[in-house]
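Here's the structure, in structure tokens; my notes come after.
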Amino acid sequence: MTQQETDRPIKSVVVVGGGTAGWMSAAAISKSFGGAIDVVLVESEEIGIIGVGEATIPALSQFNRLLGIDEAEFVRQTQGSFKLGIQFNDWGAIGDSYIHGFGSIGRDLGLMPFHQYWLKARAEGRAKDIGYYSINTIAAPQGKFMTPPSDAPPNSPLSEITYAYHFDAVLYARFLRQHAEAHGAKRIEGKVVGVNQRADNGFVESIQLESGQVISGDLFLDCTGFRALLIGGTLGVEFDDWNHWLPCDRALVVPCEKFGPPTPYTRSTAHKGGWQFRIPLQHRTGNGYVHSSQFCSEDEAAETLLKNLDGPARGDPKLLKFASGKRRKLWDKNVIAVGLAGGFLEPLESTAIYLIQSGINRLMNLFPTADCDPVLQDVYNQQIQFEYERIRDFLILHYHATTRDDSEFWNYVRTMSIPDRLKSVMELFAANGQFFRDGDELFTLISWVQVMLGQGIHPRAYHPAVDWVASNDVFALVDHVEKVLEANVRLMPQHEAFIERCCAARSAQFQVSESHKF
């Protein structure tokens, strides 16, 4: 490239593929850059959408705020409900149940996090299960929910309610399309049949549609899902398969009729060959059995799924195939893979949409000129690799830390070798309850503590600094936190009542796509 080309700003971005990844990308770029960059999204109605990620994590609210989206309208338009965390049933052992809740646990004291004091009180028989010391994990099973009141004092537990959403991902993509087009993004209907590259450097120059139309661009975002049309099919970036650690590679999915009020949490129930999710929306419930084809047949999966639905199924289960892993590079030349095209980590902790959001955020921070400087690419790819690996390890923890031995599947994951870093994390926590967050990894101490305790990793001791505080003061702290949280949860309305008052979907919106998603 000449010096002039190197310094030339990007004037056009082509988003190849729609769905959640495509329209999140188009909405964010068109909003952030205004009319300075032409944004074109190409999608085909024939190909359809895999709606991955009906359940989300709290980070999505930041993305919606970036776009200026009104929360109530967003929930209303997507048939959404709210999520305080994930309930895990039968994971550590059959009969066990715990909630991985968002937000905080208790009140830290001095340099020590609350759970260290809880460990001492628990050992002395002076504390209940850890779930009694977080407002989210108390409120969720009671069906309570509210957003933090604007007049709540800063030290009130009500001001610390942290939440995410359940929603119809197809409706979310439609909702984002409205925002993207309102800020100048253009949609073109068509199927890509060819990709043209520059002879001098291999950059993608244009795509050709079945209609014969050729669409050129400076930067291309590959949002073509598992097909990975550009990053894999054209540029040949290899895929690293993590199936040996995350053996689930299939999902049978089906919606069912709504049964009772929507719960303010996702439910994940472990079965012999995998696990089943339940995601409550305003108009229906999303369900799926995520399983390993190595240990569970499709017929067995279908039988398990259908007999564990809350209400009548809306149609027959649909089979989705996937592999947990990622491309070795998500940014190569002038192509950036967003969403499934770049990688996928099974939906156990609802991270699919977050990884789309994270990729978009990193692109904004490292936005290139037309030459797509390799230095920027290297930083982007290193950061993405770190993020995927840390989330991967957190997911592996759920499978490996178990006493279940009732099937080949559980015997495999319980005894398999695991990444060295994860092994060290588990050993440190088992010693005296410590966890050290590595840089900007997604899941914090609160998440790791809840899941490790929930999966049955019980520390042999607590941090010695806890004994610097008088035992009676430790017990008083734990008792006080429990009483204050109980009192605050009593003030919270029921989840369904909150939705009806603030963001209930209009009756006309109940005629929505019944696409099967997970």
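Because the structure is a prediction, the values reported are computed rather than measured.
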Q | Derivation and outcome, ring pair (Phe, Tyr, Trp, His ring centres under 6.0 Å), residues Phe367 and Phe33 | A | CA-CA 11 Å; Phe367 204 82; Phe33 290 95; 4.6 Å; yes
Q.
salt bridge (Lys or Arg N to Asp or Glu O under 4.0 Å), that's the test. Do Arg327 and Glu238 meet it? Break it down for me.
A. CA-CA 6 Å; Arg327 300 280 163 184; Glu238 294 184 29; over 6 Å; no
Q | Pairing residues for Lys321 by the side-chain contact (heavy atoms from CB on, under 4.5 Å) criterion, not counting sequence neighbours | A | Arg250, Leu319
**Q.** Beyond-backbone contact of Gln197 with Leu235, side-chain heavy atoms, under 4.5 angstrom
**A.** yes
Q: Ignoring hydrogens and angles, state whether a donor on the side chain of Thr269 or Arg278 is under 3.5 Å from an acceptor on the partner side chain.
A: no
**Q.** Partner set under side-chain contact (heavy atoms from CB on, under 4.5 Å) for Ala270, not counting sequence neighbours
**A.** Asp90, Trp91, Arg404, Trp410
Q | Polar side chain donor-acceptor pair, Gln87 to Tyr98, under 3.5 angstrom | A | no
Q. Does Arg437 come within less than 4.0 Å of Glu441, counting only side-chain N to carboxylate O?
A. no
Q: Establish, from distance only, whether the side-chain atoms of Tyr399 and Gln455 form a donor-acceptor pair under 3.5 Å.
A: no
Q: Assess whether salt bridge (Lys or Arg N to Asp or Glu O under 4.0 Å) is satisfied between Lys326 and Glu389, documenting all intermediate values.
A: CA-CA 10 Å; Lys326 66 174 290 294; Glu389 288 181 353; over 6 Å; no
Q.
Just checking Phe74 against Phe167, ring centres under 6.0 Å apart?
A. yes
Q: Over all heavy atoms of both residues, which pair between Arg284 and Pro255 is shortest? Give the atoms and the distance, please.
A: CD-CB, 3.5 Å
Under 3.5 Å donor-acceptor pairs involving side-chain atoms of residues 337-345, not counting sequence neighbours:
none

Q: Taking side-chain hydrogen bond (donor to acceptor under 3.5 Å, both in side chains) as the test, write out the residues that go with Thr285, two or more places apart.
A: none
Q.
Nearest 0.5 Å, please: how far is OG in Ser358 from OH in Tyr388?
A. 8.5 Å
Q.
Using the rule given for side-chain contact (heavy atoms from CB on, under 4.5 Å), can you reason through Cys248 versus Phe409, listing the C-alpha separation, both sets of side-chain angles and the distance that settles it, and then say yes or no?
A. CA-CA 10 Å; Cys248 289; Phe409 173 79; 4.0 Å; yes
Q.
If the condition is salt bridge (charged side-chain N to carboxylate O under 4.0 Å, His left out), which residues does Arg390 pass it with, not counting sequence neighbours?
A. Asp438
**Q.** Residues Phe102, Tyr163; criterion ring pair (Phe, Tyr, Trp, His ring centres under 6.0 Å); working and verdict
**A.** CA-CA 6 Å; Phe102 307 131; Tyr163 60 92; 9.0 Å; no
Q | Contacts of Asp332 that satisfy salt bridge (charged side-chain N to carboxylate O under 4.0 Å, His left out) - sequence neighbours left out | A | Lys329
(Q) Taking the cut-offs as 6.0 angstrom to the six-membered ring centre and 45 degrees off its axis, would you call Arg174 and Trp23 a cation-pi pair? (A) no
Q. Does a donor on one side chain sit under 3.5 Å from an acceptor on the other, for Tyr172 and Gln77?
A. no
Q: Working to the nearest 0.5 Å, report the span between NE2 of His283 and CD of Gln79.
A: 4.5 Å
Q: Could you walk me through whether Val13 and Leu221 pass side-chain contact (heavy atoms from CB on, under 4.5 Å), step by step?
A: CA-CA 7 Å; Val13 174; Leu221 303 189; 4.1 Å; yes
Q) Can Leu41 and Ile188 be said to form a side-chain contact (heavy atoms from CB on, under 4.5 Å), step by step? A) CA-CA 6 Å; Leu41 183 143; Ile188 295 178; over 6 Å; no
Q: Determine the interplanar angle of the Phe82 and Phe498 rings, folded into 0 to 90°, and report it as parallel if under 30°, tilted if 30 to 60°, perpendicular if over 60°.
A: perpendicular
Q | Listed partners of Asp249 passing salt bridge (charged side-chain N to carboxylate O under 4.0 Å, His left out), at least two apart | A | none
Q) What pairs of residues pass the salt bridge (charged side-chain N to carboxylate O under 4.0 Å, His left out) test when at least one of them lies in residues 258-269, not counting sequence neighbours? A) Lys258-Glu496, Arg267-Asp310
Q: With sequence neighbours left out, write down each residue that passes side-chain hydrogen bond (donor to acceptor under 3.5 Å, both in side chains) with His495, or none if nothing qualifies.
A: none
**Q.** Closest non-hydrogen atom pair between His166 and Pro264, with its separation
**A.** CE1-C, 4.5 Å
Q | Sequence-distant partners of Glu189, salt bridge (charged side-chain N to carboxylate O under 4.0 Å, His left out), two or more places apart | A | Arg187
Q: Any chance you could measure Leu442, atom CG, to Ile391, atom CD1, to the nearest 0.5 Å?
A: 5.0 Å
Q: With rounding to the nearest 0.5 Å, note down the distance linking CG in Asp393 to CD1 in Ile418.
A: 8.0 Å
Q: Flag the pair Pro247 / Tyr412 as yes when at least one side-chain heavy-atom distance between them is below 4.5 Å, and no otherwise.
A: yes
Q | Steps toward side-chain contact (heavy atoms from CB on, under 4.5 Å) verdict (Gln208, Ile215) | A | CA-CA 6 Å; Gln208 183 171 337; Ile215 301 171; over 6 Å; no
Q.
Taking the six-membered ring for Trp, are Phe175 and His179 closer than 6.0 Å centroid to centroid?
A. yes
Q: Calculate, to the nearest 0.5 Å, the distance between atoms CG and CD1 belonging to Leu366 and Ile336 respectively.
A: 8.5 Å
(Q) Can you see whether His100 engages Glu349 through a side-chain donor-acceptor pair at a distance of less than 3.5 angstrom? (A) yes
Q: In plain terms, say whether Asp240 and Arg328 are close enough for a salt bridge, that is, a side-chain N and a carboxylate O under 4.0 Å apart.
A: yes
Q: Output yes when Asp218 and Arg8 qualify as a salt bridge under the 4.0 Å nitrogen-oxygen rule, no when they do not.
A: yes
Q) Mind checking whether Phe322 and Phe226 have ring centres under 6.0 Å apart? A) no
(Q) So for atom CZ, which belongs to Phe386, do other residues, nucleotides or ligands contribute more than 12 heavy atoms lying within a distance under 6.0 Å? (A) yes
Q.
Once side-chain hydrogen bond (donor to acceptor under 3.5 Å, both in side chains) is applied, do any residues pair with Gln294, and if so which ones, sequence neighbours excluded?
A. none
Q.
Do Thr369 and Asp371 pair up side chain to side chain, a donor and an acceptor below 3.5 Å, judged on atom types alone?
A. yes
Q) Can you find a side-chain donor-acceptor pair between Thr304 and Lys272 that sits under 3.5 Å? A) no
(Q) Can you confirm whether or not the ring centre of Phe443 sits under 6.0 Å from the ring centre of Trp448? (A) no
Q | Partner set under side-chain hydrogen bond (donor to acceptor under 3.5 Å, both in side chains) for Lys144, not counting sequence neighbours | A | none
